[in-house]
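As structure tokens, the structure follows; a few thoughts come after it.
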Amino acid sequence: MRRAACALVLAGVIAGCGSSSPKRAAAPLLDFAYDASAPLRYVDRGRANTPAPLAIHDVSFVSGRQRIEGYLVLPPGSGRRPAVVFVPGTGGDRRELLAQAGWVAARNAVTLAQIRADAVAEVVAVRRAVDVLRSLRSVDPHRIGYVGWSAGARTGALVAAAEPRVRAFVLLSAGAAPVSAYVARALPPLRAELRSVLESVDPVRYVARARPGSLLLEDGRRDEVVPRAALLNIADAAPKGTTVRWYDAPHALDRAAYHDAYDWLAYRLPIDGPRVRGAETA
């Protein structure tokens, strides 16, 4: 049987002390647990695009109290394929990375794009998306990947520590300032609580707990949104075996970065089916 690939695109979410005081313990990390037995209530409303090599389906599923809307992009053919979850940046919806999802689908993959939520709900939504993909006959449950850009990359750092069923993570323009930088800007009475909240979802702490060798980080030398120091915070905290690549590109990166990301995914998952002719546009 010819092996192909599937991709899933998500658009959703993410005190002072005296010198003589003992060092304050960091807030505990979250496990992003959820009720895996809860019904997904997966709905496929059918094809949303005109006849083309790739079929885009309007789908949704339930995560917690939210109904997550998405686009599932299916290449022609049958058989179980790898799957990749895509999560865009702040304010992005299921359309933001749809073109990029199509590029992966053109390599014989299935893609799903969905809305964003807050940090905790976003991670749970990704885990539920993995449940959805694993329930589809077109998906190989052992070959699931993740692509996140900007805020979606920050979410990916959390998912990488919480979701062992995802085999490979591509984090694009992932940056994080130190929690102390945010806390310093808050009013003094709010700082202790704010520090605890931010530490519990700090991507720098979570990315360090990713499976070694499962991460690709891609960053732009001309990033106009995320400071270089913030990009380096994620790269420096990543575990042994992480691949880090820099491009002469802005925050949005460029085609070369995305093509390199897809080649890396094709190797890691692997994706080894032939490309769909007439479908890849980049």
Side-chain angles (χ1 to χ4, degrees), residues 3-14 29-34 36 40 42 61 63 68 70 72-73 80-88 97 100-101 104-105 107 109-114 116-117 119-136 138-172 174 201 203 205-218 234 237-243 261-272:
R3 294 164 70 188
C6 304
L8 169 66
V9 185
L10 302 182
V13 186
I14 202 201
L29 294 174
L30 306 176
D31 61 7
F32 302 102
Y34 68 102
L40 287 167
Y42 178 70
F61 59 91
S63 178
I68 306 298
L72 187 72
V73 186
R80 290 191 175 272
R81 312 146 189 246
V84 181
V85 179
F86 282 74
V87 180
L97 292 182
Q100 289 84 345
V104 170
R107 297 186 176 207
V110 177
T111 65
L112 173 64
Q114 75 181 47
R116 292 189 59 86
V120 176
E122 179 96 50
V123 175
V124 173
V126 171
R127 303 193 71 185
R128 292 288 279 175
V130 173
D131 291 338
V132 168
L133 288 174
R134 287 168 60 93
S135 73
L136 301 178
S138 58
V139 172
D140 181 341
H142 303 295
R143 294 192 290 162
I144 295 178
Y146 179 100
V147 176
W149 170 69
S150 193
R154 289 168 55 92
T155 296
L158 277 61
V159 176
E163 183 48 82
R165 298 173 298 174
V166 177
R167 185 169 175 174
F169 292 84
V170 175
L171 307 184
L172 308 168
V201 291
R205 298 178 68 200
Y206 285 91
V207 76
R209 289 161 174 76
R211 187 170 60 256
S214 66
L215 299 179
L216 168 64
L217 306 181
E218 293 188 345
I234 295 292
K240 183 178 180 180
T242 297
T243 300
Y262 302 153
D263 286 343
W264 184 87
L265 280 173
Y267 172 75
R268 292 292 305 174
L269 291 180
I271 300 172
D272 52 11

Atom [atom1] in [X], atom [atom2] in [Y]: separation rounded to 0.5 Å?
X      : Y      : atom1 : atom2 : result
Leu172 : Gln100 : CG    : CD    : 9.0 Å
Leu158 : Leu29  : CG    : CG    : 9.0 Å
Ser135 : Phe61  : OG    : CZ    : 10.0 Å
Ile234 : Leu217 : CD1   : CG    : 8.0 Å
Tyr42  : Leu133 : OH    : CG    : 8.5 Å
Arg80  : His142 : CZ    : NE2   : 8.5 Å

Could you check if a side-chain atom of [X] sits within less than 4.5 angstrom of a side-chain atom of [Y], using non-hydrogen atoms only?
X      : Y      : value
Leu171 : Trp149 : no
Leu136 : Leu72  : yes
Pro270 : Arg143 : yes
Val166 : Val130 : yes
Arg81  : Asp140 : no

Query - Salt bridge flag under 4.0 Å for residues Arg107 and Asp263 - result: yes

What closest approach, in Å, do [X] and [Y] show between heavy atoms, and which atom pair accounts for it?
X      : Y      : result
Ala174 : Ala153 : CB-CB, 3.4 Å
Val139 : Pro141 : O-CD, 3.3 Å
Ala105 : Val73  : CB-CG1, 3.6 Å
Asp31  : Ala162 : O-CB, 4.1 Å

Report task. Just jot down the side-chain hydrogen bond (donor to acceptor under 3.5 Å, both in side chains) partners of Arg165, sequence neighbours excluded, or say none. Result -> Tyr34, Asp131, Glu163

**Report entry** Qualifying residues under side-chain hydrogen bond (donor to acceptor under 3.5 Å, both in side chains), relative to Ser150, sequence neighbours excluded
**Finding:**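 Per chain and number, Ser150 pairs via side-chain hydrogen bond (donor to acceptor under 3.5 Å, both in side chains) with His251.
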
Not counting sequence neighbours, which residues clear side chain to side chain contact (heavy atoms under 4.5 Å, CB included) with [X]? List them please.
X      : answer
Ala168 : Trp264, Leu265, Arg268, Leu269
Ala160 : Phe169, Ala210, Leu215
Leu30  : Phe32, Val120, Ser200, Val201, Tyr206

